[in-house]
Amino acid sequence: MERLLLWIAQGGGLGRVPKIPGTVGTLGGFPLTALLLLPGNFWAYLTGCVLCIPISAWICARAERSLDEKDPPSVVLDEIIAVPICFLGIFGVMEFNDPDPSQHPLDAFFRIQNWGAWTIALFALFRLFDIWKPGPINTIQKMKNGWGVTMDDVLAGVVVSVILGVAFLLIQ
């Protein structure tokens, strides 16, 4: 069981890439985002994002114990679960700014102009805030039992979500 949990914490091996495990691990967040988009419903997506947080904290805590290391670089589940959170601002604008959101499920994101540029901006901003860890992002990292590992990335994801959500609202 410990080996399976460590494998999940390491993003199926993405976190074992030398030198840039967090950056490579972040890529694992895009398949999770696609999975959470399957219902095509903002509320289901949001619920999935929220449920991933305590699961990540628990698995990351187990990985820290297995590796006998605080916030090991190879543990990238925290980056993976943060990527869908980064999309919440854009998806929220899509949901609440449309008079009939039922006609435009979340996968409509892939039909908007420049969706690739939004995705690249999301990736770059998330990596910036995850590495830089300004203010409360750094402070929250001190939490124990896997919560610090997870919550700094969650908070970085929330910051990116707000930035991109506002930008998306202004541009659309």
Side-chain angles (χ1 to χ4, degrees), residues 5-12 14-15 17 20-39 41-67 69-96 106 109 118-169:
L5 292 175
L6 185 57
W7 182 78
I8 293 168
Q10 293 177 329
L14 293 174
V17 171
I20 55 168
T23 300
V24 174
T26 299
L27 296 173
F30 293 102
L32 176 59
T33 301
L35 180 67
L36 294 175
L37 282 171
L38 285 177
N41 177 289
F42 177 77
W43 300 107
Y45 185 88
L46 177 61
T47 301
C49 287
V50 170
L51 290 175
C52 283
I53 295 169
I55 293 168
S56 173
W58 182 74
I59 292 173
C60 289
R62 298 282 295 258
E64 284 183 309
R65 282 193 295 273
S66 289
L67 296 171
E69 187 178 348
K70 177 83 173 125
D71 199 358
S74 68
V75 172
V76 295
L77 182 60
D78 49 330
E79 279 89 4
I80 291 169
I81 66 120
V83 170
I85 293 168
C86 293
F87 278 106
L88 278 171
I90 293 172
F91 294 162
V93 169
M94 291 173 65
E95 176 73 14
F96 297 109
L106 293 183
F109 171 75
W118 287 103
T119 303
I120 291 168
L122 179 145
F123 182 84
L125 283 171
F126 176 70
R127 292 308 302 145
L128 172 71
F129 283 103
D130 186 32
I131 293 166
W132 178 29
K133 297 185 189 322
I137 296 172
N138 187 48
T139 304
I140 204 165
Q141 191 173 11
K142 294 177 176 91
M143 295 175 76
K144 297 187 184 327
N145 297 324
W147 286 100
V149 175
T150 297
M151 291 307 295
D152 71 313
D153 292 85
V154 167
L155 193 52
V158 168
V159 169
V160 171
S161 173
V162 169
I163 291 169
L164 291 180
V166 169
F168 189 77
L169 179 64

Minimum-distance pair of heavy atoms, taken over all atoms of [X] and [Y]:
X    : Y    : answer
A9   : I59  : CB-CG2, 3.8 Å
T26  : G22  : OG1-O, 2.7 Å
E95  : F42  : OE1-CB, 3.4 Å
G165 : V93  : O-CG2, 3.5 Å
F126 : A156 : CE1-CB, 3.9 Å

Inset, instruction - Using the test side chain to side chain donor-acceptor pair (under 3.5 Å), find all partners of N138 that sit at least two apart in sequence or belong to another chain. - result: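 If we apply the side chain to side chain donor-acceptor pair (under 3.5 Å) test to N138, skipping adjacent residues, there are no hits.
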Inset, instruction - Not counting sequence neighbours, which residues clear side chain to side chain donor-acceptor pair (under 3.5 Å) with T23? List them please. - result: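 Listed in chain order: R127.
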Can you give me every donor-acceptor pair (side chain of residues 72-91, partner residue at least two apart or in another chain, under 3.5 Å) with its distance?
residue	atom	partner	partner atom	Å
S74	OG	Q10	NE2	2.9

Would you mind reporting whether [Y] and [X] have side-chain heavy atoms less than 4.5 Å apart?
X   : Y    : result
T33 : F109 : no
F30 : T119 : yes
P21 : V24  : no

Inset, instruction - Scan residues 146-155 for pairs that pass side chain to side chain donor-acceptor pair (under 3.5 Å), counting only residues two or more places apart or in two chains. - result: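 Sorted result for residues 146-155: S56-T150, K133-D152.
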Inset, instruction - Hey, could you give me the SG/CG distance between C52 and L32, rounded to the nearest 0.5 Å? - result: 5.0 Å
Inset, instruction - Could you grab the distance from atom CG of D130 to atom CG of L155, nearest 0.5 Å is fine? - result: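 Rounded to the nearest 0.5 Å, the CG-CG separation comes out at 11.0 Å.
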Inset, instruction - Kindly write out the residues that satisfy ring pair (Phe, Tyr, Trp, His ring centres under 6.0 Å) with W7, not counting sequence neighbours, or none if the list is empty. - result: none
Inset, instruction - For F168, enumerate each residue passing the ring pair (Phe, Tyr, Trp, His ring centres under 6.0 Å) test, keeping only those at least two apart in sequence or located in another chain. - result: W118
Inset, instruction - Could you note down all residue pairs passing salt bridge (Lys or Arg N to Asp or Glu O under 4.0 Å) where residues 25-34 supplies at least one of them, sequence neighbours left out? - result: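 Non-adjacent pairs meeting salt bridge (Lys or Arg N to Asp or Glu O under 4.0 Å): zero.
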Legend entry - Listed once per pair and sorted, the salt bridge (Lys or Arg N to Asp or Glu O under 4.0 Å) pairs that draw on residues 48-58, sequence neighbours left out: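 For residues 48-58, and leaving out neighbouring residues, there are no salt bridge (Lys or Arg N to Asp or Glu O under 4.0 Å) pairs at all.
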Can you sort out the partners of [X] under side chain to side chain contact (heavy atoms under 4.5 Å, CB included), two or more places apart, ordered by chain and number?
X   : result
W58 : L5, R62
L38 : L35
L51 : T47

Inset, instruction - Tell me, please, which residues at least two apart from K70 pass salt bridge (charged side-chain N to carboxylate O under 4.0 Å, His left out). - result: E64
